[in-house]
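Contents: one structure, followed by commentary.
Note that the structure is predicted; figures quoted are calculated from it, not measured.
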Amino acid sequence: MTESIIPRDDKCNGWYHLLAEPAKARRLALRKDVEWLVIGAGFTGLAAARRLAELRPGQKVVLLDALRVGQGASGRNTGFVIDLPHKRDLEGDDLARKQKLLGLNRNAIKDLGTLVESHNIECGWSIAGKYQGAVGERGLKYLSGYEKLLKEFGYPYKRLEREDLHPILGTSHYAAAIYTADTALMQPAALVRGLADTLPDNVELHEDSPVVGLSRSNGHWHAVTPEGEVRAKNLVLGSNIYSQEFGFLKGRMLPVMTFASMTRELTDQEMELFSEAPHHFGLTPADHAGTTVRLTPDRRLIIRNQYRFVPKYHDNLAGRTAIRQGHRDSFLARYPSLEHVPFDSTWGGACGLSRNYTPFFGEVGDHAWMSGVHQSVGAARGTISGKLIAELATGQDSSQLADMLAVSGKPAMNPPQPFLSVGVKTRMVHAAWASRSEL
């Protein structure tokens with residue numbers, strides 16, 4: 001793993017900057033010999049480490065992260081934990097598969113909610129549901145398709161028209177939306193930090209400790225960091241797209257970065273736009289390439305849209321000016337009376353996609369397991385798959401584990417460069433153009 005592709009913090013994550021300054025990082029500085037090594041302290045790695053510690057209370061688990069917890073992808077999403085099968089999973093014809101995905105996602109929400117409550121994690125956790133919104137004809141067509149799928153799936157929902165949405169969303173921009181009640185909303189950086197702070201005693205977390213070398217010899221995995229080394233009998237990867245750099249699922253992942261901007265806190269007068277309680281919400285676009293909007297419990301508006309293919313997992317910060325302006329245009333289209341309200345931050349977060357829309361869950365090597373390529377739904381999928389990959393690695397058996405194996409597969413191989421970059425970028429440009437009315 002070379003220095004240029006080690007995870008790095010761009011200092012732009014608005015969620016993370018709202019948190020108090022953490023205690024000094026505990027870097028890995030010595031050699032450790034342990035039973036279990038988990039790489040990556042996002043939703044997947046945290047859940048895996050926690051479950052391994054519960055199932056093997058007499059064994060040590062070392063959890064490594066290249067950054068501080070919350071600085072990576074898990075602390076950069078828009079704060080949705082969605083129960084429904086997502087996008088193409090919902091659009092598929094296999095009803096039994098949809099039911100399995102729904103059950104797994106609901107268990108993720110239940111597990112996270114239990115941890116938030118039992119450990120008093122302050123992350124704005126709320127089962128607030130979500131709106132799926134349409135702006136114009138294109139969005140309404142997608143919304144009608146979504147409504148049909150929900151009916152076929154037997155999932156309860158409520159459709160709202162423009163006049164009903166205005167007092168909730170604070171804007172008449174949306175022609176219609178469908179509300180589903182069981183999505184959780186939260187502050188992602190606060191949640192993952194809280195999960196890390198409350199790990200069992202037999203989990204040893206080391207932050208700012210990027211793995212710069214990983215190999216297997218003499219029946220052990222050897223992970224090298226800039227200041228230390230771990231020798232472990234068993235390896236669990238929660239490193240998602242970075243797992244390619246260790247040789248796992250190489251050439252099967254598409255690193256894509258999505259972007260968001262967040263305003264300062266709104267004043268009492270500005271909050272009068274939102275006349276219907278509870279004064280916070282989450283909205284995702286009916287057209288997948290449209291705009292996500294959130295009003296947070298601490299009165300900040302968030303706009304998320306635009307995608308970039310990032311083969312090296314990072315974008316060019318110079319390009320953020322155009323992205324931020326795009327967010328500004330979307331913001332003003334919805335809230336023209338808030339033109340004076342500035343953005344405090346604009347950030348991106350990289351996620352792992354695959355060409356055949358297939359996530360991976362299972363064994364990737366001798367005494368090595370991985371869950372990843374979560375198709376941009378890492379909060380729910382990462383949480384439940386992290387828990388279940390620990391159960392798979394320790395030889396457990398359950399209906400949840402059987403369901404996870406049933407809904408997982410192998411991501412398709414990508415074409416070689418430069419054809420991959422040209423193809424992905426061309427497709428993204430076309431999608432952005434086609435969805436411009438919904439941005």
Side-chain angles (χ1 to χ4, degrees), residues 1-2 4-8 10 12 42 72-74 76-78 86-92 138 142 239-260 284-292 303-327 330 346-360 370-378 381-382 408-439:
M1 197 169 187
T2 62
S4 62
I5 48 178
I6 287 173
R8 63 176 186 262
D10 59 11
C12 296
S74 289
R76 291 171 174 264
N77 63 60
T78 323
H86 197 53
K87 297 182 180 179
R88 294 182 184 272
D89 284 328
L90 183 61
E91 295 164 3
R138 179 180 173 87
Y142 275 98
S239 42
N240 203 17
I241 52 175
Y242 288 96
S243 302
Q244 293 187 119
E245 303 310 316
F246 305 130
F248 300 105
L249 299 188
K250 198 166 183 66
R252 295 181 183 273
M253 302 190 212
L254 296 171
V256 173
M257 186 170 278
T258 63
F259 299 88
T284 55
D287 177 354
H288 302 329
T291 296
T292 295
I303 297 288
R304 187 190 75 173
N305 57 39
Q306 304 185 62
Y307 302 81
R308 297 290 186 275
F309 179 53
V310 285
K312 297 300 182 183
Y313 320 127
H314 304 284
D315 68 318
N316 179 0
L317 289 179
R320 296 276 179 94
T321 300
I323 289 168
R324 189 180 179 96
Q325 184 57 54
H327 291 166
S330 297
T346 298
W347 70 91
C351 59
L353 308 180
S354 61
R355 290 175 57 238
N356 58 348
Y357 308 102
T358 300
F360 182 83
M370 174 184 169
S371 175
V373 205
H374 294 149
Q375 313 301 316
S376 76
V377 287
R381 173 84 185 195
S408 304
K410 194 164 189 178
M413 279 294 297
N414 297 327
Q417 293 287 16
F419 304 105
L420 176 63
S421 289
V422 171
V424 173
K425 290 176 182 178
T426 300
R427 184 169 181 177
M428 286 182 172
V429 168
H430 178 267
W433 181 87
S435 302
R436 63 196 183 281
S437 62
E438 299 296 308
L439 291 174

Seminar exercise, completed: Separation between OG1 (T258) and CH2 (W347), nearest 0.5 Å, reads 10.0 Å
Problem set entry | Pairwise side-chain contact, E245 with S239, heavy-atom cut-off 4.5 Å (strictly under) | no
Seminar exercise, completed: Rounding to 0.5 Å, atoms NZ (K312) and CD1 (I241) come to a distance of 12.0 Å
For this session: To the nearest 0.5 Å, tell me how far R252 CZ sits from L353 CG.
Result: 16.0 Å
Exercise. How about Q375 and H86: do any of their side-chain heavy atoms sit closer than 4.5 Å?
Worked result: no
Exercise. Just wondering, more than 12 heavy atoms not from R427 lying within 6.0 Å of its CZ?
Worked result: no
Problem set entry | Euclidean distance, Q306 CD relative to F259 CZ, rounded to 0.5 Å | 8.0 Å
Problem set entry | Expected output: side-chain R355 to main-chain M413 donor-acceptor under 3.5 Å | yes
Exercise. Would a 4.5 Å heavy-atom cut-off, applied to side chains only, mark M253 and F360 as touching?
Worked result: no
Problem set entry | Side chain S435, main chain A432, donor-acceptor under 3.5 Å | no
Exercise. If you round to the nearest 0.5 Å, how far is OG1 of T358 from CZ of R88?
Worked result: 11.0 Å
Exercise. Can you tell if the side chain of F309 reaches within under 4.5 Å of the side chain of P255, non-hydrogen atoms only?
Worked result: yes
Exercise. Does a side-chain heavy-atom distance below 4.5 Å link R76 with D10?
Worked result: yes
For this session: Please list, chain by chain and in numerical order, all residues satisfying ring-ring contact (aromatic ring centres under 6.0 Å, His included) with Y313, sequence neighbours excluded.
Result: Y242
Exercise. Any donor and acceptor pair, going by atom type alone, linking the side chain of R324 with main-chain N or O of T321 inside 3.5 Å?
Worked result: no
Exercise. Hey, are the side chains of L420 and L254 touching, using non-hydrogen atoms and a 4.5 Å cut-off?
Worked result: yes
Exercise. Is any NZ, NE, NH1 or NH2 atom of the basic residue among D89 and R381 found under 4.0 Å from an Asp or Glu carboxylate oxygen of the other?
Worked result: no
Exercise. Any side-chain heavy atom of N305 within less than 4.5 Å of one from S330?
Worked result: yes
Exercise. Salt bridge or not for R138 and D287, using N-O below 4.0 Å?
Worked result: yes
For this session: Walk me through it: do R304 and T78 pass the test side chain to side chain donor-acceptor pair (under 3.5 Å)?
Result: CA-CA 8 Å; R304 187 190 75 173; T78 323; 3.3 Å; yes
Exercise. Is H288 atom NE2 crowded by more than 12 heavy atoms from other residues, nucleotides or ligands, each under 6.0 Å away?
Worked result: yes
Seminar exercise, completed: Scanning both residues in full, the closest heavy-atom pair of P411 with V373 reads CG-CG2, 3.9 Å
Exercise. Do T291 and P285 have side-chain heavy atoms sitting under 4.5 Å apart?
Worked result: no
Exercise. So how far is it from D315 CG to M257 CE, rounded to the nearest 0.5 Å?
Worked result: 4.5 Å
